[in-house]
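Here the structure is a predicted model, which is why all the values come from computation and not from measurement.
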Amino acid sequence: MTPAQLSRTIRQALPHVLPDGPDGEVVAPSAGDGSSADAVAVFSGVRVVVESPPRRGAGDYATGVAFRAAAVCGRPAREVAQLLCARLEGDVDAVDGAEVVGGGFVNVTLTDDARVALLRALAEGGPAETAVLTGTTPTGPGNPIRAADPVRTADGRTASAAEALPTAPPTAPTDVPARDIPRWAAVTGEDPAVLAVRTERASSLFRVQYAHARVCSLLRNGRRLGLRPEAGSAVPLETAGARLLALLADRARVTAAGPLARHLDAVAQAFAAFHDVCPPLPRGEEKPGAAHRGRLALAEATGAVLAGGLSQLGVSAPAHL
């Protein structure tokens with residue numbers, strides 16, 4: 001289940017989560033006689049945003065929709081969130097658990113089967129994510145950076161994306177700092193001189209490109225050991241793996257250039273944390289096993305998401321650094 005699919009599921013469930021009416025429909029101040037059609041109308045304008053959880057709790061996804069729903073139905077947000085959790089746990093096969101966090105946030109945990117399906121979909125990718133496999137540049141309406149979008153160039157000017165971001169290069173063996181740094185600086189507003197310090201601590205661009213190169217190296221070395229990515233072996237996920245998967249799934253929600261760059265940086269940092277505590281390749285005398293194949297599947301999905309995002313920003317996704 002992707003964030004978009006869960007968003008649609010929640011939107012469909014909202015008119016039925018408050019069983020106050022004679023037929024189980026919502027009774028809200030503007031809901032007329034409480035009919036099902038009225039209940040749907042009451043919540044039709046409620047925006048449902050599903051994203052990776054902040055530091056408020058565990059789970060694959062989080063949403064604050066209960067606060068918006070509470071505003072239109074006149075009920076406490078925490079009560080709406082509790083009823084929504086019960087609905088999701090009882091009626092949605094892909095949901096393993098849902099819990100209320102704070103005053104009304106809802107954190108959702110997927111079943112292992114749903115996580116495996118999500119991991120496979122991310123690794124296969126759509127137009128953005130297939131860049132890691134094909135070396136192509138995504139174009140058309142799916143590109144989150146539109147030609148007219150304003151971005152800030154490295155010299156401080158405001159320009160359109162069409163002017164500031166040339167056609168993205170294909171996935172290449174190495175990066176080209178002289179080209180990549182100005183393009184990254186144009187969408188993030190970061191100082192090119194800082195980005196030129198090529199360390200994980202100093203440069204967000206280097207962190208992202210290094211994470212992609214590390215994934216490529218893991219997959220190459222895995223093949224030499226006879227290890228191939230295997231999504232079915234990725235579950236159950238360790239905490240670091242679950243956090244990484246949630247960020248990967250959240251990628252499709254991020255459309256603007258600046259937030260996309262920051263999201264890729266968050267993915268890169270989450271991958272580094274995952275790699276440190278859940279090494280995808282055996283170490284020392286450790287024998288290759290199913291756990292490594294599962295971790296390689298998560299690494300493969302990470303590489304696809306990073307390559308797709310870098311390509312859409314007009315920055316190379318190096319296989320070596």
Testing [options] one by one against [X] for a side chain to side chain contact (heavy atoms under 4.5 Å, CB included), which residue passes?
{"X": "Val106", "options": "Thr63, Val101, Val50", "result": "Thr63"}
{"X": "Val95", "options": "Asp93, Val92, Asp91", "result": "Val92"}
{"X": "Ile181", "options": "Leu195, Val315, Val176", "result": "Leu195"}

Heavy-atom pair of closest approach, residues [X] and [Y]:
{"X": "Tyr61", "Y": "Ala249", "value": "OH-CB, 3.5 Å"}
{"X": "Arg295", "Y": "Pro279", "value": "NH1-O, 3.0 Å"}
{"X": "Phe274", "Y": "Pro280", "value": "CE2-CG, 4.4 Å"}
{"X": "Glu200", "Y": "Arg214", "value": "OE2-NH2, 4.1 Å"}
{"X": "Ala185", "Y": "Pro192", "value": "CB-CG, 3.9 Å"}
{"X": "Arg75", "Y": "Ala70", "value": "O-CB, 3.0 Å"}

(request) Answer with yes or no whether the hydrophobic clustering places Val116 together with Leu118; edges join I, L, V, M, F, W, Y residues whose side-chain heavy atoms lie under 4.5 Å apart. (result) yes
(request) Indicate, with yes or no, if Val48 and Val108 share a hydrophobic cluster defined by side-chain heavy-atom contacts under 4.5 Å among Ile, Leu, Val, Met, Phe, Trp and Tyr. (result) yes
When rounded to the nearest 0.5 angstrom, what distance separates [atom1] in [X] from [atom2] in [Y]?
{"X": "Leu218", "Y": "Leu281", "atom1": "CG", "atom2": "CG", "value": "5.0 Å"}
{"X": "Gln209", "Y": "His212", "atom1": "CD", "atom2": "NE2", "value": "9.5 Å"}
{"X": "His16", "Y": "Arg87", "atom1": "NE2", "atom2": "CZ", "value": "6.0 Å"}
{"X": "Thr302", "Y": "Leu264", "atom1": "OG1", "atom2": "CG", "value": "11.5 Å"}
{"X": "Ser52", "Y": "Leu244", "atom1": "OG", "atom2": "CG", "value": "10.5 Å"}
{"X": "Trp184", "Y": "Ser203", "atom1": "CH2", "atom2": "OG", "value": "8.5 Å"}

Got [X] and [Y] here, is their nearest side-chain heavy-atom distance under 4.5 Å?
{"X": "Leu227", "Y": "Leu296", "result": "yes"}
{"X": "Met1", "Y": "Asp60", "result": "no"}
{"X": "Ser316", "Y": "Arg179", "result": "yes"}
{"X": "Leu321", "Y": "Asp175", "result": "yes"}
{"X": "Val72", "Y": "Phe43", "result": "yes"}
{"X": "Val49", "Y": "Ser7", "result": "no"}
{"X": "Arg293", "Y": "Arg228", "result": "no"}
{"X": "Leu260", "Y": "Thr255", "result": "no"}

(message) In terms of relative ring orientation, are Phe206 and Tyr210 parallel, tilted or perpendicular, with 30° and 60° separating the classes?
(response) parallel
Please check: side-chain N/O of [X] versus main-chain N/O of [Y], any donor-acceptor pairing under 3.5 Å?
{"X": "Arg253", "Y": "Ala4", "answer": "no"}
{"X": "Asn221", "Y": "Ser217", "answer": "yes"}
{"X": "His263", "Y": "Leu247", "answer": "yes"}
{"X": "Gln5", "Y": "Thr2", "answer": "yes"}

(request) In sequence, state the C-alpha distance, the side-chain angles, and the governing distance for Arg183 and Asp180, and then conclude on salt bridge (Lys or Arg N to Asp or Glu O under 4.0 Å). (result) CA-CA 5 Å; Arg183 294 184 181 183; Asp180 294 340; 5.4 Å; no
(message) Please check if the number of heavy atoms outside Asp276 that lie under 6.0 Å from its CG is greater than 12.
(response) yes
(request) State plainly whether the residues Asp265 and Arg262 are in salt-bridge range, i.e. N to O under 4.0 Å. (result) no
(message) My understanding is that only residues two or more places apart in sequence, or in another chain, count here; which of them pass salt bridge (charged side-chain N to carboxylate O under 4.0 Å, His left out) with Asp191?
(response) none
(request) Kindly determine whether Ser204 and Arg207 satisfy side chain to side chain contact (heavy atoms under 4.5 Å, CB included), including the steps that lead there. (result) CA-CA 5 Å; Ser204 60; Arg207 280 194 296 270; 3.4 Å; yes
